[in-house]
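Please read all numbers here as calculations on a predicted model, not as lab measurements. Residue indices begin at 1 and follow the sequence shown.
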Amino acid sequence: MPDQIVASDTILATAAQVLEQEGSALVRMAQNLPDDFVAAVHSILGIKGRIILSGIGKSGHIARKIAATLASTGTPAYFVHPAEASHGDLGMVTQDDLCLLLSNSGETSELGDLINHTRRFSIPMIGMSSKPDSTLMRAADLRLTLPQEPEAGSGIAPTTSTTMALALGDALAMALMEQRGFLSEHFRTYHPGGKLGAQLALVHQLMHDADSMAVVAPETDMQETMLKMGEKGFGLACVIEDGKLLGVISDGDLRRNIQYLGTRNAGEVATRNPKTVPTDMFAAKALAVMNDNKITVLVVVDDTGRPVGLLRVNDCLRAGVA
């Protein structure tokens, strides 16, 4: 048992040291971003095509992830493997594009054909490397120079350098996203599946439109009101006056007023000032409103307070909002 405790402490100490070294390197980079960072953002915003990313080995893995992050946040991007580029995939790189090439050493021979292709056809090229005087960085139009920090841990495998490259790619993507005015609803367009897509759904994307609503005037008798509720099948009637929502009648309201249904009209039975939600609210937040108020359906209103649809608990659950 003592030996196991010592071994565990050693493992945890190693892990903490690596994280601290990498974290410190990121802080230093944040305090001294590459000189060409702003110019790189402006250059990317000005292109008509895509960002083409490339790298080999660990830099290739990082380049793939940066490409994926850019593409999902509004900046069209594509990863091209440098070896495949030398065997025909250079045709994917057009003069409307911009290349972002990654190599920690800046001397990766496999990037040679891509570098030459960008120079031959005047395709803008950004280099990302920790060696400012390397072949890649000398050829680049813009340079995202990484700080020359020691690799965390044994120093044998790329650790700190790849972490910095990945983080700088994230910083670039987020800066571009902000400059493009990329919003959560745009993000959902590129993430329609899974939990993330569901949590980003807006009310208007899940609601039933106005044609699904049982709409009555305040003076409508309850027999006609119940007939309309039955026709629509949502267990709710909206009492409208001058185009605005005066109240709602639910199945619960019918039960509470059962002895008066023959003598009262819709306006008298309705629950006044009901809970409503706007069209641009996140469906997850609307679901919370329903849960908090123990109701199963909400009236959706526009900016003027006019009812435009209905949202049910089941609509949210079916879409994966929970």
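- Residues Thr263 and Glu268 are not in side-chain contact: their nearest non-hydrogen atoms beyond the backbone lie 4.5 Å or more apart.
- Around the CZ atom of Phe79, the shell of radius 6.0 Å holds more than 12 heavy atoms that belong to other residues, nucleotides or ligands.
- In this structure, CG on Asp36 lies 12.0 Å from NE2 on His42, to the nearest 0.5 angstrom.
- In summary, Arg28 and Glu149 engage in a salt bridge, as defined by a charged side-chain N under 4.0 Å from a carboxylate O.
- Counting heavy atoms of neighbouring residues, nucleotides and ligands inside a 6.0 Å radius, atom CG of Asp221 exceeds 12 of them.
- Around CG of Asp292, the count of heavy atoms belonging to other residues, nucleotides or ligands within 6.0 Å exceeds 12.
- Taking a 6.0 Å sphere around CG of Asn314, one finds it holds more than 12 heavy atoms contributed by other residues, nucleotides or ligands.
- By the 4.5 Å heavy-atom criterion applied to side chains, Met177 and Thr75 are not counted as neighbours.
- Listed for the Gln205 side chain is a donor-acceptor partner under 3.5 Å among the backbone atoms of Leu202.
- For Thr118 (side chain) and Ile115 (main-chain N/O), a donor-acceptor pair under 3.5 Å exists by modelled atom type.
- Using a 4.0 Å cut-off between charged nitrogen and carboxylate oxygen, Arg143 and Asp133 do not count as a salt-bridge pair.
- By the rule that hydrophobic residues join a cluster once side-chain heavy atoms approach within less than 4.5 Å of another member, Tyr78 and Leu98 end up as members of separate clusters.
- Looking at every heavy atom in both residues, Pro307 comes nearest to Gly243 through CD-O, 3.7 Å.
- A side-chain donor-acceptor contact under 3.5 Å links His208 and Asp315.
- No path of Ile, Leu, Val, Met, Phe, Trp and Tyr side chains, each step under 4.5 Å between heavy atoms, connects Leu227 with Val216, placing them in separate hydrophobic clusters.
- When side chains are defined from C-beta on, Leu236 counts as touching Leu310, because their heavy atoms get closer than 4.5 Å.
- Taken together through direct or relayed side-chain contacts under 4.5 Å among Ile, Leu, Val, Met, Phe, Trp and Tyr, Ile62 and Leu142 form part of one hydrophobic cluster.
- In this structure, Thr160 contributes its side chain and Ala152 its backbone to a donor-acceptor pair below 3.5 Å.
- Between the side chain of Ser59 and the backbone N or O of Gly55 there is no donor-acceptor pair closer than 3.5 Å.
- Counted by atom type alone, Asp302 and Thr304 present one or more donor-acceptor pairs between their side chains at under 3.5 Å.
- Using modelled atom types, no side-chain atom of Asn257 and backbone atom of Leu254 make a donor-acceptor pair closer than 3.5 Å.
- The neighbour count for Lys232 NZ, taken as heavy atoms of other residues, nucleotides or ligands under 6.0 Å away, is above 12.
- Side chains of Thr271 and Ile249 form no contact here, defined as non-hydrogen atoms less than 4.5 Å apart.
- Checked by atom type and distance alone, the side chain of Asp97 never pairs as donor or acceptor with a backbone atom of Val93 at under 3.5 Å.
- Cluster membership for Ile56 and Leu111, using ILVMFWY side-chain heavy atoms within less than 4.5 angstrom, is not shared.
- Looking at Asn265, its side chain does come within 3.5 Å of a backbone N or O of Gly267 through a donor-acceptor pair.
- A distance of 8.5 Å separates CD1 in Ile126 from CG in Asp141, rounded to the nearest 0.5 Å.
- Residue-environment remark: CD1 (Ile258) stays at or below the threshold of 12 foreign heavy atoms within 6.0 Å.
- Of the N and O atoms on the side chains of Glu151 and Ser161, at least one donor lies less than 3.5 Å from an acceptor on the other residue.
- Between Thr145 and Ser129, every side-chain heavy-atom pair lies at or beyond the 4.5 Å cut-off.
- In this structure a side-chain-to-backbone donor-acceptor pair under 3.5 Å is present from Gln148 to Ser130.
- Shortest non-hydrogen contact noted between Ala139 and Arg119 is O-NH1, 3.1 Å.
- Closest approach of Val203 to Val300, counting heavy atoms only: CG1-CG2, 3.6 Å.
- Heavy atoms only, all atoms of each residue included: Leu298 and Ile295 are closest at CD2-CD1, 3.5 Å.
- Taking CD from Glu84 and CD from Glu110, the interatomic distance works out to 12.5 Å, rounded to the nearest 0.5 Å.
- With salt bridges taken as basic N to acidic carboxylate O contacts below 4.0 Å, one links Asp170 and Lys65.
- Once rounded to the nearest 0.5 Å, the distance linking CG of Leu114 with CD1 of Ile52 reads 9.0 Å.
- In this structure, Ser54 contributes its side chain and Leu101 its backbone to no donor-acceptor pair below 3.5 Å.
- Under 3.5 Å, the side chains of Glu107 and Ser134 contain no donor-acceptor pair of N or O atoms.
- For the residue pair Thr296 and Arg312, no side-chain donor N or O sits within less than 3.5 Å of a side-chain acceptor on the partner.
- Rounding to the nearest 0.5 angstrom, the gap separating the OG1 atom in Thr108 from the CG atom in Leu136 is 7.5 Å.
- The structure places CG of Leu26 at 10.0 Å from CG of Leu168, a figure rounded to the nearest 0.5 Å.
- Leu246 is not listed as a side-chain neighbour of Asp242, based on a closest heavy-atom distance of 4.5 Å or more.
- Between Thr159 and Glu22 there is a side-chain heavy-atom pair separated by less than 4.5 Å.
- A distance-only check finds a donor-acceptor pair linking the side chain of Gln95 to the backbone of Phe121 [under 3.5 Å].
- Between Gly309 and Met207, the shortest heavy-atom distance links the atoms CA-SD, 4.2 Å.
- For the pair Thr220 and Lys228, the minimum side-chain heavy-atom distance is 4.5 Å or more.
- Hydrophobic clustering, with ILVMFWY side chains joined whenever heavy atoms are under 4.5 angstrom apart, groups Val41 together with Leu100.
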